[in-house]
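Note that these values count all heavy atoms, side chains included, but never hydrogens, waters or copies made by symmetry. Quick note on labels: first sequence line is chain A, next is B, and so on, each numbered from 1.
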Amino acid sequence: MKLLAEIGKDGKNFLRERRTLMLLVAAPLIVLLILSGVFGKGTSESTLPVSMGLCDLDRSNASSLFIGYISGHADIREFSHMGDCPSYLRTQVSQGRLSAAIIIPKGFGNGIARGESQNITVLLDNSRVQISPSIEAFMKAAAQGTGQEIGTRFILNVWSRLDEADARLAELSVDVSASREKAVEMQAKISSTYSELAALDFSSPARELDAAGSALDGAEAELLSAQSNLTLMQGRLASYESELESTESDLIRLKGLLDNMSLSISTALLVADCSNPLFIPYCASLHSMDATVSTASLEVDERLGKVNATRAELSEINRTMEDFRGNIDASLGGADELRARISSMEGFMAELEESRGESLRMMEEINSSASQIVSKSGELQELISQSRAQIGEITSRDALSVISPIIFSSENMFQSRTFFDFLLPSLIALILMFVSLFLSSTSLVREKNMMALERVYVSQVPLWEYALIKSTSYTIVLFPEILLLLLTASLAYGAFPLADLGLTAFLCSALFLMLFAFNSLGIAVAAFSESEATAFLASLVIGLPLLFMSGILFPFEFMPAPMVALGKATPLTPTITAMQSGILYASPDFSVFWTLAAYCIVLVAAAAGALYYTRGRK
Amino acid sequence: MAKAKKPRTPASPEESPNPVAGQGAPAPQKPPSFAVQAADISKIYPKKVTLFNFTIEIPEGGVFGLLGPNGAGKSTFIRILTGLEGPDSGTLLIFGQRPSPQSRKLIGLAPQENSFHPLLTCMENLLYYGELYGVGGKEAKERAQSLLSQLGLAEKKHAQAAFLSGGMKRRLNLACALMHRPRLLILDEPTTGLDPYTRRQLWETVTRIAAETGATVVLTTHYMEEAEALCGKIAFINKGQVAAYGSPRELKKLAGRELLRLKSIPGDYAKIEPLLKKSIGAESVTSTEHGIVVETEDASRLVPDITRIFSENSENIVELVVSRPSLEDVFLKLTGANLKEGTKNEASG
């Protein structure tokens, strides 16, 4: 009964307040009418409805290509003839006379021809927040399109060069094949030479040289021995000769002595009268002695003769020995020369052996290289054939598909819809949010200010019950507003078939829950507001952020993560989701009911809390 | 809520929380029953003490007046009484019950400002407030009809409240508070802003309602004549405390003496004042440049002597006024404050 009384009272209050009633009915319709006009354009139009300034400082084929691309989709105003067109356009855009301006720098075409990325400057008036992202996107698309065209041309040029390279590779393949065959032949020859060289025996000459060396050594030793013997013999001969000389000297001295003796004897005989008998013995002895001395002198002379003969023989021997010595020395010298030759021959043989080893190694290396040449030439041929296959594969592709392998092909699922059609579900929720916030908050503040609320406070009615009743009452009183908006949306804008009672009931239920939630919020606002103006402003302060956080005007995708979370955590967002699911996608999302129901509980509790907290305040 | 403390019930005049309670009243035949018992109620706002150890007992039945200047604490006490605020300390009983939803049902409040829905008719307003207290259906309609008749609004029952005259609005405000037959009717300055005629009409209405319903009416006002005309008992409230309590007659006796005001020509009051003090034995003689004020238990007894002294001193009396003390005088005497000026530098309590 209390609820009915409250509904009756609130309903009568709204009905009797003519201007509010009129606004309740007319305002949403006016809003829908105006917005349907504002957002009535189709969504598939590709022309950019803005004027853009152009300053082409390059005037090249590439810049013309770019300009040609954009001029078909936007109103391009040429300023290239002006002296300092970049500055002029910058001023025009910064002063809001142009939405955007394009500056193509000098050297643009040449830079592209050199394969360097070129920059086109687009001056954007980003104060036009709705259109500037579209212009930017359009310009990016134009740059991409032009780049595609230039890239296609470049690719075709590359294709042509690749074809040439392919022809050259074919020739190279033949050459490589020939080289390979030659390498194989060379390999065979090297193998044969290697075998032959490896078969050569250097040990026999070496042995012979060793034997010759040994023989030479033996002969030399014998010569040296002979030389030594000769020296010894010569020494001895010299000794003999010395002894002979000594003997000769002795003999000569002896002879002298003998001569002296003979002379002495002769003198003695002359002096002595051998004739005197007395002297006869004497003379006889002298005579005997003289005879003996003469004999001895003769023997000495004989001996001297022998000594001289011996000395002559010795001299002869000595000469012969000297000849020997000379021969030995000559032989020894010949042995040294022979040894040097043998040694030289041995060195030569060693060098020859080493050269053979070196040659064998070289041949091995050459053989290995030849093997590698054979192997690599095989690989090279394989590589050439692969490269040719790849070139063939590459050049067989469409140049455009290389530049843009993915071709964007969008298909609008709602072809014939206007922006307003997309906005309408959200607009209904928005209008109802503002209506409920404003009406519930200002109405309750009015009741508070006329002290009617004080009677409630002093009554036995618990404040949670009052908040519940009040929210329900406002929601029921405002329910015709839901019906009015849905009827208008269905009948005037064909948003959904009204005959689909299930869908209609779904939409009504979602909006009813949202109204309840915002009415509760409005009651909480009213509890803290001193006047209707305060309540209105507070509702605006709450409603406007909710509007901007709802993802209608500014997509969630562009918001910072905390704001997305916050935006999704408002009662408005799930209602919009529900409305869109029902009206736009014809696939009602019933899960939002739980969210909205939770909001209803939380916000009605908040309303009760606010009433309790502020009830003692004047 | 205040701490549980049983309020003190005065068994004798001496125990009464105010100096004059029970003076001259007949001895009670049965234990007194109270509509409201408040003991040591304190309410402290930041930087301001509104009620401090406020103790009062309002007997059941009749009209009880709470008088005090603005900011004295009347409205705060009413707000505590109606449950709009809780006391910081103290105990409050309403018909012997601690404040509760049930006790609130016993209270009817007619706030100082009209508190009804101006776009609803008188009948609709009454039915709505009846529903608020669980009075609905046929009973509510009969009750509303009866109240509208009692308060002279029968002809306006289908008129939107916004279009009623000031007096009618006050009566509708009163009717709304009466819809659920409260045992305690609180009228917060019910005649503020009304013209004297309408005010007197409302006095009659309140008196009649109190008599007919048997409800206890607690009335706050700063109009002395209103309190005197309507209230059987009055409590003077000043600076958050009960300054005096009793019937108007009892309170007036607090001021005690009658005043005799005289003006004469040539008006040499400085000469007359000592003569009067010496010869007539008046309790208090005060002279100003405008005349002489004599304070006495019985002014009529002194008049011959006073006129003689004036005559002997060649003073011709041009004005002689005997005035008995008003409630305002009592309040002035007790508190030193003027009721209408209120307590300076204090917000409305």
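Here the OG-NZ distance, from Ser459(A) to Lys105(B), works out to 10.0 Å after rounding to the nearest 0.5 Å. Rounded to the nearest 0.5 Å, atoms CD (Glu124(B)) and CG (Asn13(A)) are 9.0 Å apart. A distance of 10.0 Å separates CZ of Arg79(B) from OH of Tyr457(A), quoted to the nearest 0.5 Å. With values rounded to the nearest 0.5 angstrom, Tyr128(B) atom OH is found 12.0 Å from Lys12(A) atom NZ. Residue Leu4(A) holds its CG atom at 8.0 Å from CD of Glu131(B), rounded to the nearest 0.5 Å.
For Phe52(B), the CZ atom counts as loosely surrounded, since its 6.0 Å shell holds 12 or fewer non-hydrogen atoms of other residues, nucleotides or ligands.
Using a 4.5 Å cut-off between heavy atoms, Ile107(B) does not touch chain A at all. If you measure heavy-atom distances from Tyr133(B) to chain A, the contacts under 4.5 Å come from both the backbone and the side chain.
You'll find the side chain of Leu109(B) reaches within 4.5 Å of the side chain of Glu454(A), heavy atoms only. Side chains of Met451(A) and Phe116(B) form no contact here, defined as non-hydrogen atoms less than 4.5 Å apart. Side-chain contact between Pro118(B) and Met450(A): present, with at least one pair of heavy atoms (C-beta onward) separated by less than 4.5 Å.
In this structure, the side chain of Gln460(A) engages the main chain of Leu132(B) through a donor-acceptor pair within 3.5 Å. Arg16(A) places a side-chain N or O within donor-acceptor distance of the main-chain N or O of Leu119(B), the cut-off being under 3.5 Å. Arg455(A) places a side-chain N or O within 3.5 Å of a backbone atom of Ser115(B) that can act as its donor or acceptor partner.
Among the residues in residues 169-176 of chain B, those with a non-hydrogen atom closer than 4.5 angstrom to a non-hydrogen atom of chain A are Asn173(B), Cys176(B). Contacts between residues 150-166 of chain B and chain A, counted as heavy-atom pairs separated by less than 4.5 Å, involve Gln160(B).
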